[in-house]
Structures are given as C-alpha cells and as structure tokens.
**Student:** 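I am attaching a structure below and will ask some questions about it afterwards.
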Amino acid sequence: MVVDSRDPDLSVLELHGVPGGAEAFELAAKFCYGTNFEITTANVAHLRCVAEYLEMSDDYQEGNLIARAETYMNEIVVQSLEKSLEVLCSCGSLHSIAEEVGILDRCIDAVAINASKEQLVSGLARLECDNESGKLKMHCQDWWVEDLSFLKIDLYQRVIAAMRRTGVRSDSITQSLMHYAQNSLKGIERQQQDWEPGIVVGDKQRAIIEALVDLLATENITSVPHSFLFGMLRMAIDVNASIGCRLELERRIGFQLELATLDDLLIPSFQPSDSVFDVDTVHRILVNFVRRVEEEDSDESSHCGYESLSVKSPSHSSVLKVGRLMDGYLAEIAPDPHLNLSKFMAMIELLPEFARVIDDGLYRAVDIYLKAHPSLTESECKKLCKLIDCQKLSQEAANHAAQNDRLPVQMVVSVLYFEQLRLKSAIAGNSGDGCFSQRIISSSGVPSAAVSPRDNYASLRRENRELKLEISRMRVRLSELEKEQAFMKHGMKDNRSQEHGRAFFTSLSRGIGRIALFSPSQRKQQKSNKKSQVSDAKTRRRQRQSVS
C-alpha cells in the first residue's frame, strides 16, 4: 500500500475495516517483529481474521500467522466443547470475515459433536445421580446449557440445529432453550404505562422471542413445560411479536390445555378500548384444544364415544378438566363491564356438551355476567341463558335459579319443571329398593347435588355395578324358587310316607321363607290355615280318647 501510494511524503497510512480493530493489528505487528505473545481462545479468532485481512499466508513466509492460528484452532479449540464456545462468543465483531474463513462452522460443529460425546460418556453417571437427592440431580445437568446462553441468537440457532443433527437429547435442548430465554429476555418491561398506543419495545427482544419459538416448533410438543409456554406467550404479546409466532405458542398451549391453571389464562389485554383480559387469545387456545379433541375422537371407534360415558378415550378426562377450567375463567372475566356478549357466548359455545357433567359453574358465570351487565335486553338474556342446561343443575343451583330475578321467566319455569321431575324420581326411588333410594337421578341422568360434580362419572359407574349385583341376586332367588317348585312337584307325585311329607313341607317352608315373595295377607291366611289344622287334629285326638 505504501508502494502503491503516489504521495512521496506519506507519513500516515489508514487501514479501514481491520478485523478486531487496533488490538488485533497490534498482535499481528508483534508477530511480524518477533515479539512473543500467547495465542488463546480469546484472541485466536481475531488473529485468524486479521491475518486473513493482511494476507499473512505461507506464500510470503512459512509458518505465517494464518498457519499458526489454524494450528491452534485444529489442535486445541475444536477438540474441546468449552473452548469452542469461548471462540464463538469472541466472534461478535468478526461475524462476516469469521464466516468467510470458516471459524463459525468449525466451532459450531465442534460444540455439537462434543456435546453429543459428553452425553454418551456421562450417561451412567447421570443414572447414578438420579438415584441421589434432588441437589445432586441438579449438578448432573449439562454444564454447557448455561454457556450457550451467552451466544448471540443467530449463532445459538445454528448451534441448536447442529446439536439436533448430531443426536443431542431433546430434553437437553429444551432445557437450553428455556435457560436462554430466561437469561436474554429477563427485564423486559413496557416503555409506557396505562396501555397507551404506540408502545415501543426493542427489536432485539422481539427477534429473540421469534427465533426461540421457531426452535420450539421442532421440539416434541409435550416436552416443553406449560408454564414456560405461557410466559413466552405473554412476552410475545408484550413485544408485539409476529402473528405466526403467537399462533405457534397458542397451538402448543392448546394441545395440553388441561395442564393450565386459571392464573395462566388471565392474560391482560393492552388494548385501551378492549376488555381487561385478552379473551381473543384464550379463545384461539381453546379452539386448538377442541380441534385436538375432535382429531382424537375421530380416531376412536364408534362404540367408544362420549355418549356411552367411556373413560377409555384419551381426551375424555382432559375435556372434563378443561370444562371446569373454562367455567372458572368465565366467572373471572364476567364482571368486566367492557366484555362483549358475543365473545362471552362464543367461549361458552365452543366446548362440547359432554365437557360439563353439571352446569353449576356455567350458571354461576352467567349469573355474574347478568349482574355486571344490567343493560342487556330481554332477548340477549334469553340467548345467554339458553346455553345453560337446566337438567344439569344441582339441587342447590336449581333452588338459587328458581329465586333469581335476573333470569328470564322461561328459564325459571324450566328449572321448576325439572325440579318437579326430580322430586317425582325421588319419591319413586323411596318406594323402591333401599340401595337406590339415597341417590336422586333426574330424567337426563344427571345426579343431584348430593354427589360432587368431580365424581359424577365414578358414581354412575358404581351405580351400574350395584344394579348388576342386584340383578344377579334376583337371578339366584329365581333359581332357588324353581328348584323348590320342582322338588314340590316331585314330592306330590310320589306321595310317600308322612315323615317324608313332613320333611318335604319343612324344606318347602324354608325356601318360601328365604324367597319372601308372599304378601302379608297371604301370610296371615297361611297362619289361620295352620291354626285350623292344629285345632282339627286336637278334636280328632279327643274323640279317639273318648271312644277308647
């Protein structure tokens, strides 16, 4: 460059875009003038890149700086997972030229390969640690999970992709994703308050969230903790992440919605004119859950449907849990005066009928909504109350509804009608077998409030078993009756001695006593016949004595 310059009095030479800046150039100058210095993981990437920039190859001198840096990379760096990560972290300002000379690819592949080797070697040690206390189990986690969180998001994505190719365990990758999110996204706060429009959040956090969600999309959907997904969704909403990013999180949450809690669903809304809670997001999550249930239900055989109360369906217990969860959610959002009726009804209508064994929770949410929205018209109240099945109300809820002035007259009449049917069933049950008189079942088959809603299906199955047991007992009684009848016919045909006849009648009376099928009037008639027979026998005995 000095030779090519046409300035004879050149005293200053400017070098633009030197990789690593003045420090890297100083190390290269020291190398040229024979000053000793140590090549380390902190400066090897800068030395390799500045040597490339200064064309310090073996074409000018054997063992030049490029060769020295390459030797250190191949013999020291790529052989160690820890050193490869350190070199990657030092490449922040060298991204483009480090990519050209292959430093990034070699270090990324080295991290992935060494991580896979470490997991294979430490497999036995991990099993031993699992048998110890929880504290030891924490020490057995992959140490590189924490070190990966210091990488920039673009390099981190490439490292995770390489780890998947080399066979690193999925649970370790999931753990690394969670740790990276916690380190890189902590401290995200909204720049303005009171939910004012135009809130500006850094693009860096948005890019990190979208990249992590993109990495989560390839992981097993059940391997990611539910609380982490909800946390990511809240942050994605805060930083106004892309629609695809939020939809992916909603899809994963909806797939295992039965694991959610009420606090998870209470996502605040940041729209100034909207309701307090983000109902639209929860609605989309619920849509994903219902879609999953429909897909699982389509795979089941027709005789294992929900109408038969089959508990073998993999989604049946999940639907019941989500039904209770959504009833609680509806009751929480119902007092919001800005909550639109159409959104509230859409949340109710989305779940299928079999998701609620009883409608007490739904009735409570509707009653809260009616109380918080007194301006609803009569037709709107009717539409809302039609979503409640009066036959599924417990005794306590029905009594409350019968005296509720906020309900339409039609619903009150329906409640009273089904209560009358329930009362008739109770009276009929009291006149029947004692084992069934304690439970009152309405015409829809829904148990009364004496049974907990959580145990309705279990109680119905228990009642079916009791019914089958009673039928088997009746069969045994009928069989005994048939045997006694056959024995009686046989005895009447033979007409043997008086002792045999007395034994025959004795066994017959025992069988009749066990079966107990005669009415009280028949029993009285039998007793009177026996008394007349005894009196006749005494009279004949006295006549014989007088004759003798």
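Just so we're clear, the structure is a prediction, and the values are computed from it rather than from any experiment.
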**Student:** Determine, step by step, whether Val213 and Ser242 satisfy the side chain to side chain contact (heavy atoms under 4.5 Å, CB included) criterion, reporting the C-alpha distance in whole Å, the side-chain angles of both residues, the deciding distance to 0.1 Å, and the verdict.
**Tutor:** CA-CA 11 Å; Val213 172; Ser242 64; over 6 Å; no
**Student:** Short question: side chain of Asn43, backbone of Thr40 - any donor-acceptor pair under 3.5 Å?
**Tutor:**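 Here the side-chain-to-backbone pair exists.
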**Student:** Looking at every non-hydrogen atom in both residues, tell me the closest pair between Leu370 and Cys385 and how far apart they are.
**Tutor:**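 Leu370 and Cys385 have their closest heavy atoms at CD1-SG, 4.1 Å.
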**Student:** In the structure I gave you, are the side-chain heavy atoms of Phe228 and Thr174 within less than 4.5 Å of one another anywhere?
**Tutor:**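 In short, these two side chains do not touch, never coming nearer than 4.5 Å.
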**Student:** Within this structure, what is the CG-CG distance for the pair Leu65 and Leu54, rounded to the nearest 0.5 Å?
**Tutor:**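 So the gap between those two atoms works out to 8.5 Å.
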**Student:** Run Phe150 and Leu85 through side chain to side chain contact (heavy atoms under 4.5 Å, CB included) and show every step you take.
**Tutor:** CA-CA 9 Å; Phe150 296 103; Leu85 282 175; over 6 Å; no
**Student:** Assess whether a salt bridge exists between Asp203 and Arg206, defined as any Lys/Arg side-chain N lying under 4.0 Å from an Asp/Glu carboxylate O.
**Tutor:**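 Answer for the salt bridge query: yes.
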**Student:** Taking the side chain from Ser80 and the backbone from Val77, do they hold a donor-acceptor pair closer than 3.5 Å?
**Tutor:**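 Answer holds: no.
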**Student:** Begin from the C-alpha positions of Glu26 and Lys30 and carry the test side chain to side chain contact (heavy atoms under 4.5 Å, CB included) through to its verdict.
**Tutor:** CA-CA 6 Å; Glu26 183 182 0; Lys30 288 181 177 180; 3.7 Å; yes
**Student:** For Ile333 and Leu339, work out which heavy atoms get closest and say how close.
**Tutor:**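 Result for this residue pair: O-CD2, 3.3 Å.
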**Student:** Regarding Thr261 and Asp263, is there a side-chain donor-to-acceptor distance under 3.5 Å anywhere?
**Tutor:**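 Short answer, no.
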**Student:** Would you say the side-chain atoms of Asp58 pair up with the backbone N or O of Gly63, donor to acceptor, closer than 3.5 Å?
**Tutor:**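 The answer is yes, because a donor-acceptor pair under 3.5 Å joins these two groups.
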**Student:** Grab the two heavy atoms, one from Val282 and one from Tyr329, that are nearest each other, plus how far apart they are.
**Tutor:**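 Nearest pair, atom of Val282 first, then Tyr329: CG2-OH, 3.4 Å.
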**Student:** Is the shortest side-chain heavy-atom distance between Arg234 and Pro268 below 4.5 Å?
**Tutor:**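 Yes - at least one pair of side-chain heavy atoms lies under 4.5 Å apart.
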**Student:** Within the side chain of Tyr60, is there an N or O that forms a donor-acceptor pair under 3.5 Å with the backbone of Glu55?
**Tutor:**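 It does not hold such a pair.
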**Student:** Keeping Asp278 on the side-chain end and Ser269 on the backbone end, is there a donor-acceptor pair under 3.5 Å?
**Tutor:**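 Here the side-chain-to-backbone pair does not exist.
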**Student:** Salt bridge or not between Lys383 and Glu380? Use side-chain N to carboxylate O under 4.0 Å.
**Tutor:**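 Looking at Glu380 together with Lys383, the answer is no, because their closest N to O distance does not fall below 4.0 Å.
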**Student:** Working to the nearest 0.5 angstrom, can you tell me the gap between Asp389 CG and Leu362 CG?
**Tutor:**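 Here the interatomic distance stands at 9.5 Å.
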**Student:** Rounded to the nearest 0.5 Å, what's the gap from CD1 on Ile237 to OG1 on Thr281? Could you check?
**Tutor:**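 One finds 4.0 Å between CD1 of Ile237 and OG1 of Thr281.
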**Student:** Within a strict 4.5 Å, meaning less than it, do heavy atoms of the Val279 and Phe344 side chains meet?
**Tutor:**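 Counting from C-beta outward, Val279 and Phe344 never come under 4.5 Å.
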**Student:** Would you confirm whether Asp359, through its side chain, and Lys392, through its main-chain N or O, come within 3.5 Å as a donor-acceptor pair?
**Tutor:**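 No, because the side chain of Asp359 does not come within donor-acceptor range (under 3.5 Å) of the backbone of Lys392.
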**Student:** Can you confirm whether the side chains of Glu118 and Trp144 place a donor and an acceptor under 3.5 Å from each other?
**Tutor:**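 No, no side-chain donor-acceptor contact under 3.5 Å.
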**Student:** Applying salt bridge (Lys or Arg N to Asp or Glu O under 4.0 Å), run through Lys83 and Glu86 and close with a yes or a no.
**Tutor:** CA-CA 5 Å; Lys83 289 181 170 55; Glu86 291 176 0; over 6 Å; no
**Student:** For Phe25, what residues pass the ring pair (Phe, Tyr, Trp, His ring centres under 6.0 Å) criterion, not counting sequence neighbours?
**Tutor:**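 Checked Phe25 against ring pair (Phe, Tyr, Trp, His ring centres under 6.0 Å); zero matches.
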**Student:** Going from NZ on Lys152 to NZ on Lys204, what distance comes out if it is rounded to the nearest 0.5 angstrom?
**Tutor:**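 One finds 8.0 Å between NZ of Lys152 and NZ of Lys204.
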**Student:** Does the pair Arg291/Glu295 count as a salt bridge with the N-to-O cut at 4.0 Å?
**Tutor:**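 A salt bridge is absent here (no side-chain N lies under 4.0 Å from a carboxylate O).
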**Student:** So which heavy atom on Pro335 is nearest to which on Ala331, and how close?
**Tutor:**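 Nearest pair, atom of Pro335 first, then Ala331: CD-O, 3.4 Å.
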**Student:** Give a yes or no answer on whether the side chain of Thr71 reaches the backbone of Ala67 with a donor-acceptor pair at less than 3.5 Å.
**Tutor:**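 Yes, because the side chain of Thr71 sits within donor-acceptor range (under 3.5 Å) of the backbone of Ala67.
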**Student:** Contact between Phe289 and Ile253 at the side-chain level, heavy atoms closer than 4.5 Å - yes or no?
**Tutor:**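 Phe289 vs Ile253: side chains apart.
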**Student:** So, the side chain of Asn64 versus the backbone of Ile66: is there a donor-acceptor pair under 3.5 Å, distance only?
**Tutor:**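 The answer is no, because no donor-acceptor pair under 3.5 Å joins these two groups.
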**Student:** For Glu23, is the CD atom crowded, meaning more than 12 foreign heavy atoms sit under 6.0 Å from it?
**Tutor:**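 Count not over threshold, so no.
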**Student:** If you define the side chain from C-beta out and look only at heavy atoms, does anything of Arg292 sit under 4.5 Å from Ser318?
**Tutor:**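 The answer is yes, as the side chains (C-beta and beyond) meet within the 4.5 Å cut-off.
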**Student:** Side-chain contact test, heavy atoms from C-beta onward, threshold under 4.5 Å: evaluate it for Glu52 versus Pro19 and give yes or no.
**Tutor:**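 No. Closest side-chain heavy atoms not under 4.5 Å.
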**Student:** Nearest 0.5 angstrom please: Asp280 CG to Met347 CE, how far?
**Tutor:**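 Between Asp280 CG and Met347 CE, I get 9.5 Å after rounding to 0.5 Å.
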**Student:** So which heavy atom on Leu104 is nearest to which on Arg158, and how close?
**Tutor:**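 Heavy atoms only, the tightest pair is CD1-NH1, 4.0 Å.
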**Student:** Check the surroundings of atom CZ in Arg364: do more than 12 heavy atoms from other residues, nucleotides or ligands lie under 6.0 Å from it?
**Tutor:**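 12 or below, so no.
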**Student:** Is Leu27 close to His46 at the side-chain level, that is, under 4.5 Å between some pair of heavy atoms?
**Tutor:**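 In short, these two side chains do not touch, never coming nearer than 4.5 Å.
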**Student:** When rounded to the nearest 0.5 angstrom, what is the spacing between OH in Tyr363 and CG in Asp327?
**Tutor:**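 So the OH of Tyr363 and the CG of Asp327 are separated by 14.0 Å.
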**Student:** Does the side chain of Val276 reach to within under 4.5 Å of the side chain of His338, using non-hydrogen atoms?
**Tutor:**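 Val276 vs His338: side chains apart.
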**Student:** Could you give me the CA-CA distance, side-chain angles and deciding distance for His373 and Leu341, then say whether side chain to side chain contact (heavy atoms under 4.5 Å, CB included) is met?
**Tutor:** CA-CA 9 Å; His373 300 79; Leu341 177 62; over 6 Å; no
**Student:** Closer than 3.5 angstrom, by distance alone: can the side chain of Ser116 be matched with the main-chain N or O of Ile113 as a donor-acceptor pair?
**Tutor:**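 No: the side chain of Ser116 does not pair with the backbone of Ile113.
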**Student:** Would you find more than 12 non-hydrogen atoms of other residues, nucleotides or ligands less than 6.0 Å from Arg68 atom CZ?
**Tutor:**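 Counting neighbours around CZ of Arg68, 12 or fewer heavy atoms of other residues, nucleotides or ligands fall under 6.0 Å, so no.
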**Student:** Salt bridge or not for Arg169 and Asp171, using N-O below 4.0 Å?
**Tutor:**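 Answer for the salt bridge query: yes.
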**Student:** For the side chain of Ser5 and the backbone of Met1, is there at least one donor-acceptor N/O pair under 3.5 Å apart?
**Tutor:**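 Such a contact is absent between Ser5 side chain and Met1 backbone.
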**Student:** State, to 0.1 Å, how close Leu212 and Leu185 come at their nearest heavy-atom pair, and which atoms those are.
**Tutor:**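 Closest pair (atom of Leu212, atom of Leu185, distance): CD1-CD1, 4.4 Å.
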